[in-house]
Amino acid sequence: MGVCVRFAPSPTGPLHIGGVRTALFNWLFARHHQGKFILRIEDTDRSRYVPGAEQHIIESLRWVGLTWDEGPIRQSTRTELYRRYAHELVQRGYAYYAFDTEEELERMRQDLRAAGVPNPQYNVYTRQYMRNSLTLPEEEVQRRLASGEPYVIRLYVPADREIRFHDQIRGWIRFQSRELDDKILLKSDGFPTYHLANVVDDHLMGVTHVIRGEEWIPSTPIHLLIYEGMGWTPPEFAHLPLILRPDGKGKLSKREALQLGIPIYVIQWKDPHTGEEMPGFRELGFLPEAVLNILALLGWHPPDAQREIFTLQEMIQTFSLERIGASGARLNYEKALWINQQYLQRLSEEAFRQKVAPFLEAVGVPPDAFHLELANLYRTRAHTLREIADEVRAIREWTPVRSIQSGEVSALESVTLNACEQDALQAFLRWWRAHTGEATPDVLTQKIREIARERELKPGQLMLKIRWAISGKRQGPPLGALLHLMKDKAIERIAKLIEQT
RNA sequence: GGCCCCAUCGUCUAGUGGUUAGGACACCAGGUUUUCAACCUGGAGGCCCGGGUUCGAUUCCCGGUGGGGCUGCCA
């Protein structure tokens, strides 16, 4: 039988990078084994449904290019199915009806807590004292069901069993059934809980490997009991380590990420209630392939551990669950930026132009040939497309105007030209205007050096003045290239600086 | 609290019953550059602690400590 995996997010909020990484690992596993990758939306809790979340999930996956072979399948459209299996589980003696009200449950918990039980459960012991089909006479159960009284279906956890499974990443994991809760499988509103829907779907869809977050380890024994109750063979399990906060305390949270300026989404998310917007890697100017590389490295490494940058094809070829670590990982944003820079540098000129154009437009710069080329000059000097666009915009809007009033005195001081420099710049402009045809980057650079030497000026000093005049910065791309590209614009700005002095 | 998972430089990690414990980001120094990047070279920096097993443990076992997860008619 071929490999079949699924990514099964719940639309209770935006898809964060941990989820994308889970999707990525599932996807890589499927592609590596030429198997099937299913997208399933686990929307069985109507009360926690967040508008736009499902769309965010789908768009996120699309943007990074994790395409699915089947789906999205929404569990909310299959409730009848789960209901049927829940009742079958009762028939088989692996589940039972329970009629306890919320108040009764709360009272039970209160009483137990008062008696010194820190985490009261509906379990092997307590179920004997509650109102359910284990304690009530058969006729009464039937009467209550027939009268339409609300009920839930709970898993019947056996008293003394060891439940264990072999995790593909962690090895054997054991649980004592005594520690388990008689989890609700079917809610009183007729919807299944995660546990039931998940197991039913995984079985029906032929899922062979469940690759999911570590937070699911504690509920795996519950799932195993359901498989057993239904007489189904459980899939293989692989529990991925969590992505932790960069400062070492807890799981990566939205609030903290916001504070640190670190994206936790792949694409922007706007909270439908608060209206608060959080940019994703996409908006910050990351390339989708780079994002996948960044996320893959969070817990996984190719066999050749010396390499950090690799293509999707290489990832697919070398991917295996054995190479996933068991300990939690923190996102190193500095390294993420570096990885993106590496990808930026490897882009062909054509691809780069295509990628950077929307970012130029976003900051009000027309993405014409001139600005695109200017952006290209900043390529090795930035980590993201957004940084590049910002540089281009800054240089576009720069005017070498003396504005002592606005407090830029210190900045302007460095451009104050002495008579000699003024003369040098004038000479340079004169030459340039007369030789526009032959003014290549190298020639321009040489000419500046020549003019500086003739006047016993340091070439570097003169170049700094020119750089300031045309870009308003003390550093940037090679001056010759910049001048050559900017041409008239540069001449105009240098002239303006001379005039201002 | 209970149950479960985890533990190699600051971070992501490779690795082994005997290794100078390897790489990457970040950091420092040098080279290159008009400059800033990029790039090249070099440097500093790590096996959580305590027992045990063993001729020998970073590696295997146990305990501790630390970190994390779960403990809902959430997923």
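Letters A, B, ... mirror the listed sequences (proteins, then strands); counts begin at 1.
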### Query
Considering every strand shown, what is the Watson-Crick or G-U wobble mate of B:rC39 when both distances are under 3.5 Å?
B:rG31
### Query
Looking at residues at least two apart in the chain, or sitting in another chain, which of them share a salt bridge (charged side-chain N to carboxylate O under 4.0 Å, His left out) with A:R353?
A:E349, A:E373
## Note on the structure
Closest of B:rG15, B:rU34, B:rG1 to the A:P118 side chain is B:rG1
## Note on the structure
Side-chain atoms of A:E42 come closest, of B:rU34, B:rA75, B:rU71, to B:rA75
### Task
Kindly write out the residues that satisfy ring pair (Phe, Tyr, Trp, His ring centres under 6.0 Å) with A:W216, not counting sequence neighbours, or none if the list is empty.
A:Y194
Please produce a list of atom pairs where a protein N or O lies less than 3.5 Å from an N or O of nucleotides 29-33 of chain B.
none

### Query
Is NZ or CZ of A:R154 both nearer than 6.0 Å to the six-membered ring centre of A:Y97 and within 45° of the ring axis?
no
### Query
Quantified in whole Å, what is the C1' atom distance between nucleotide B:rG67 and nucleotide B:rG31?
43 Å
### Message
Which residues pass the side chain to side chain contact (heavy atoms under 4.5 Å, CB included) test with A:Q55, not counting sequence neighbours?
### Response
A:E59
### Task
Go through the N and O atoms of the side chain of A:R330 and the base of B:rC12, and report whether any donor-acceptor pair is under 3.5 Å.
no
### Message
What residues from residues 451-459 of chain A pass a heavy-atom cutoff of under 4.0 Å to RNA chain B?
### Response
none
#### Entry: Side-chain-base donor-acceptor pair under 3.5 Å for A:E308 and B:rG23
yes
Please list, pair by pair, any protein nitrogen or oxygen found under 3.5 Å from a nitrogen or oxygen in nucleotides 41-49 of chain B.
none

